[in-house]
Peer 1: 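Structure below; questions to follow.
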Amino acid sequence: MAYETLIVEIEDYVALIRLNRPDALNALNSKLLSELATALHAADADDAVRCIIITGSEKAFAAGADIKEMSQKSFVDMFSSDFFAGDSDAILRTRKPIIAAVSGYALGGGCELAMACDFIICSDTAKFGQPEINLGVVAGIGGTQRLTRFVGKSKSMDMHLTGRFMDAAEAERCGLVSRVVPAKDLLTEVKKVAAKIAEKSMLTTMVVKECVNRSYETTLREGILFERRVFHALFATEDQKEGMAAFLEKRQPQFRDR
Ligand code: CO8
């Protein structure tokens with residue numbers, strides 16, 4: 001399918017979704033978010049996809065929600081359309097793993113989009129920020145909630161209240177990103193990580209996602225019980241038998257996602 005604001009390529013079981021509004025530093029407008037929701041839904045349903053990467057350009061992952069599109073809207077416009085709600089939630093409905101590959105600016109909605117992915121790998125040029133305060137607004141796609149869970153209250157307050165940018169080294173130090181790589185190697189490295197994930201049982205991969213995400217939604221005791229029950233349940237799968245047999249037979253497992 002052809003998109004106006006995205007470039008999608010599927011290769012070796014990995015879907016690479018590139019945000020493509022170069023003139024606006026990949027600012028997120030309604031068209032882009034709706035196309036992203038469609039692309040994620042399609043990738044989730046496609047047996048040829050086992051891992052998804054969302055990336056931008058070298059200069060910008062995404063410089064935020066599109067300020068031009070929003071600037072003249074009223075409260076009634078925003079509220080009655082529940083602006084961005086359905087499409088920005090599409091990422092949460094995606095069951096396959098999603099890696100954000102961030103180079104350059106990931107600001108406002110761009111930082112929020114990256115944080116909504118399962119994990120973030122960034123280049124050494126990455127700059128994260130929640131500068132909405134400079135526009136007289138607040139983050140609106142989860143930034144005040146997710147950034148606080150990633151980096152703690154003090155740094156989250158600092159970022160949201162001052163609107164300052166955080167560089168890649170700080171982002172790695174405080175746990176916002178899982179790895180930092182040189183800018184020229186970003187996609188090669190992220191594709192290698194995606195390929196590694198794509199080798200696993202898709203069934204188990206989706207279960208891992210559910211378990212880790214559960215830790216954001218529930219108490220520790222309930223989360224641990226959920227994890228233990230899921231662990232027990234996986235003994236009903238062929239992939240558990242295959243994974244453990246392969247280990248004992250000193251060979252690579254052949255998972256069949258069942
Ligand atoms: N929206 C629209 N256009 C943008 C955006 C944006 N967020 N960011 C950059 N652009 C455009 C610029 O207007 C410019 O276009 P033009 O050439 O037509 O003037 C082009 O991209 C290039 O930008 P700059 O010339 O500014 O490039 P610089 O290298 O000088 O600066 C920056 C790069 C620092 C990234 C700068 O562009 C900037 O500060 N951008 C805005 C960052 C920002 O404030 N982001 C937060 C936006 S608000 C938001 O994300 C809220 C999310 C929640 C929505 C919730 C809905 C429910």
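Only a predicted model underlies this, so the values are computations on that prediction, with no experimental measurement involved. Both ligands and their constituent atoms are indexed starting at 1 by order of listing.
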Peer 1: Look up atom 23 (O) of ligand 1 and tell me if a protein heavy atom lies less than 4.0 Å from it?
Peer 2: yes

Peer 1: In terms of side-chain geometry, is the basic nitrogen of Glu238 or Arg256 positioned less than 4.0 Å from the acidic oxygen of its partner?
Peer 2: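 Answer for the salt bridge query: yes.
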
Peer 1: Considering heavy atoms of the protein only, find what lies nearest to atom 53 (C) of ligand 1 and give residue, atom and distance to 0.1 Å.
Peer 2: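 It is Gly140 N, 3.4 Å.
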
Peer 1: Decide yes or no for Ile52 and Leu16: does some side-chain heavy atom of the first lie under 4.5 Å from some side-chain heavy atom of the second?
Peer 2: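 In short, these two side chains do not touch, never coming nearer than 4.5 Å.
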
Peer 1: With a 4.5 Å cut-off on side-chain heavy atoms, are Phe165 and Pro131 touching?
Peer 2: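 Result yes, sub-4.5 Å side-chain heavy-atom pair found.
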
Peer 1: Atom 14 (C) of ligand 1: which of Leu33, Asp23, Asn29, Leu113 has the nearest heavy atom?
Peer 2: Asp23

Peer 1: What do you reckon, does Gly109 have a nitrogen or oxygen under 3.5 Å from a nitrogen or oxygen of ligand 1?
Peer 2: yes

Peer 1: Got an N/O contact under 3.5 Å between Ala65 and ligand 1?
Peer 2: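 Checking ligand 1 against Ala65, an N or O pair does fall under 3.5 Å apart.
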
Peer 1: Quick test of your reading of the model: are Lys200 and Asp239 salt-bridged, counting only N-O distances below 4.0 Å?
Peer 2: no

Peer 1: Is the shortest distance from a heavy atom of Asp82 to ligand 1 less than 4.0 Å?
Peer 2: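 Asp82: no contact with ligand 1 (<4.0 Å).
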
Peer 1: Protein heavy atoms: any of them under 4.0 Å from atom 8 (N) of ligand 1?
Peer 2: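 So atom 8 (N) of ligand 1 has protein heavy-atom neighbours under 4.0 Å.
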
Peer 1: Check each of Val138, Leu135, Leu107 against atom 44 (O) of ligand 1 and report the one with the nearest heavy atom.
Peer 2: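 Nearest heavy atom to atom 44 (O) of ligand 1 lies in Leu135.
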
Peer 1: Hey, does Tyr105 come in under 3.5 Å of ligand 1, counting only N/O atoms on both sides?
Peer 2: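 No: no nitrogen or oxygen of Tyr105 is under 3.5 Å from one in ligand 1.
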
Peer 1: Would you mind finding which of Asn134, Leu25, Ile133 brings a heavy atom closest to atom 33 (C) of ligand 1?
Peer 2: Leu25

Peer 1: At a non-hydrogen distance cut-off of under 4.0 Å, which region of Met78 contacts ligand 1 (side chain, backbone, both, or neither)?
Peer 2: neither

Peer 1: Would you call Glu69 a ligand 1 contact, heavy-atom distance under 4.0 Å?
Peer 2: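 False for this residue.
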
